[in-house]
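Below is one structure, written out as structure tokens; the observations come after it.
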Amino acid sequence: MRIDILTVLPELLESPLNHSIVKRAKEKGLVEINVINLRNFTTDKYKTVDDYAFGGGAGMVMMIEPVFKAIEKLKSERHYDEIIYTSPDGEKFSQKLANRLSILNNIIILAGHYKGVDQRIRDNLITREISIGDYVLSGGEMPAAIIADAIVRLIPGAISDEQSALSDSFQDDLLAPPVYTRPSEFKGWKVPEILLSGNTGEIEKWRHDQSVERTRKLRPDLADNE
Ligand code: SAM
């Protein structure tokens with residue numbers, strides 16, 4: 001899989017995409033992630049990527065030309081399954097959407113900045129708009145990193161124990177069960193007996209029951225789909 005992220009602030013994406021599971025997935029050749037600086041697609045000496053909004057008002061707008069040029073260049077090199085714009089008014093990101101995106105070959109994620117990108121880019125080049133939640137961040141870089149991370153960990157082989165990703169919260173509309181590690185007792189706080197029993201069948205049943213109970217208690221909206 002290939003993920004190309006377009007941004008005016010590539011520095012913001014350096015750390016999140018270069019550690020842990022995403023880093024290992026890149027090293028294993030499971031995913032190629034390119035962070036592309038939109039300033040490389042400008043023509044003036046100041047590498048301008050924003051301009052005043054038509055009609056006035058506070059805040060700058062991401063200009064059409066650098067984004068258009070960057071997307072057209074990428075599209076001339078390969079087919080893209082989705083060209084995503086991160087936006088607070090987009091479709092809410094979810095595990096189900098991450099699952100669907102994880103089986104694609106090539107995607108572009110455009111990280112917005114300032115007041116957002118010129119609407120004509122959204123109308124003519126973007127195939128999907130995604131929000132990571134009902135709040136407004138300064139830029140789309142963190143949303144892009146979140147979307148990329150959620151996708152990459154689902155690519156077969158990205159996590160050594162593939163079952164681990166499948167047993168995470170929201171797969172099967174259930175929250176994950178609680179987890180414990182050594183020591184089995186700390187300051188009188190004990191690990192549930194069943195987890196120390198070695199009885200894998202009973203442990204699996206306990207975990208499932210815990211998932212169902214937690215889902216009913218914390219996210220009854222998910223339990224309806226159970
Ligand atoms: N004026 C825009 C609005 O009210 O919807 C917000 C612009 S925001 C300051 C700058 C950029 O950050 C957006 O264009 C978008 O790319 C990104 N962004 C901010 N919050 C986001 C969210 N919740 N989900 C996805 N992207 C977000």
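Read the numbers this way: they start at 1 and go in the same order the structure lists the ligands and their atoms.
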Do any side-chain atoms of residues 124-140 form donor-acceptor pairs under 3.5 angstrom with protein atoms, and if so which ones, sequence neighbours left out?
{"residue": "N124", "atom": "ND2", "partner": "R120", "partner atom": "O", "Å": "2.9"}
{"residue": "T127", "atom": "OG1", "partner": "E82", "partner atom": "OE1", "Å": "2.6"}
{"residue": "T127", "atom": "OG1", "partner": "I83", "partner atom": "N", "Å": "2.7"}
{"residue": "T127", "atom": "OG1", "partner": "I83", "partner atom": "O", "Å": "3.2"}
{"residue": "R128", "atom": "NE", "partner": "E82", "partner atom": "OE2", "Å": "3.1"}
{"residue": "R128", "atom": "NH1", "partner": "E91", "partner atom": "OE1", "Å": "2.8"}
{"residue": "R128", "atom": "NH1", "partner": "E91", "partner atom": "OE2", "Å": "3.2"}
{"residue": "R128", "atom": "NH2", "partner": "E82", "partner atom": "OE2", "Å": "3.4"}
{"residue": "E129", "atom": "OE1", "partner": "R122", "partner atom": "NH2", "Å": "2.9"}
{"residue": "E129", "atom": "OE2", "partner": "R122", "partner atom": "NE", "Å": "2.8"}
{"residue": "S131", "atom": "OG", "partner": "P88", "partner atom": "O", "Å": "3.4"}
{"residue": "S131", "atom": "OG", "partner": "G133", "partner atom": "N", "Å": "3.0"}
{"residue": "S131", "atom": "OG", "partner": "G133", "partner atom": "O", "Å": "3.1"}
{"residue": "Y135", "atom": "OH", "partner": "I132", "partner atom": "O", "Å": "3.1"}

Original post:
Does V61 reach the side chain of D51, with side-chain heavy atoms less than 4.5 Å apart?
Top reply: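 No - every pair of side-chain heavy atoms lies 4.5 Å or more apart.
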Salt bridge or not between [X] and [Y]? Use side-chain N to carboxylate O under 4.0 Å.
X: R153; Y: D149; answer: no
X: R24; Y: E27; answer: no
X: D173; Y: K96; answer: yes

**OP:** Kindly tell me which protein residues have any non-hydrogen atom under 4.0 angstrom away from an atom of ligand 1, grouped by chain and ordered by number?
**Re:**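 Heavy-atom contacts below 4.0 Å: Y85, T86, S87, P88, G112, H113, Y114, K115, G116, I130, S131, I132, G133, Y135, V136, L137, S138, G139, G140, P143.
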Subject >> Any donor-acceptor N or O pair under 3.5 Å, side chains N34, D4 >> reply: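 Result is yes, a qualifying pair exists.
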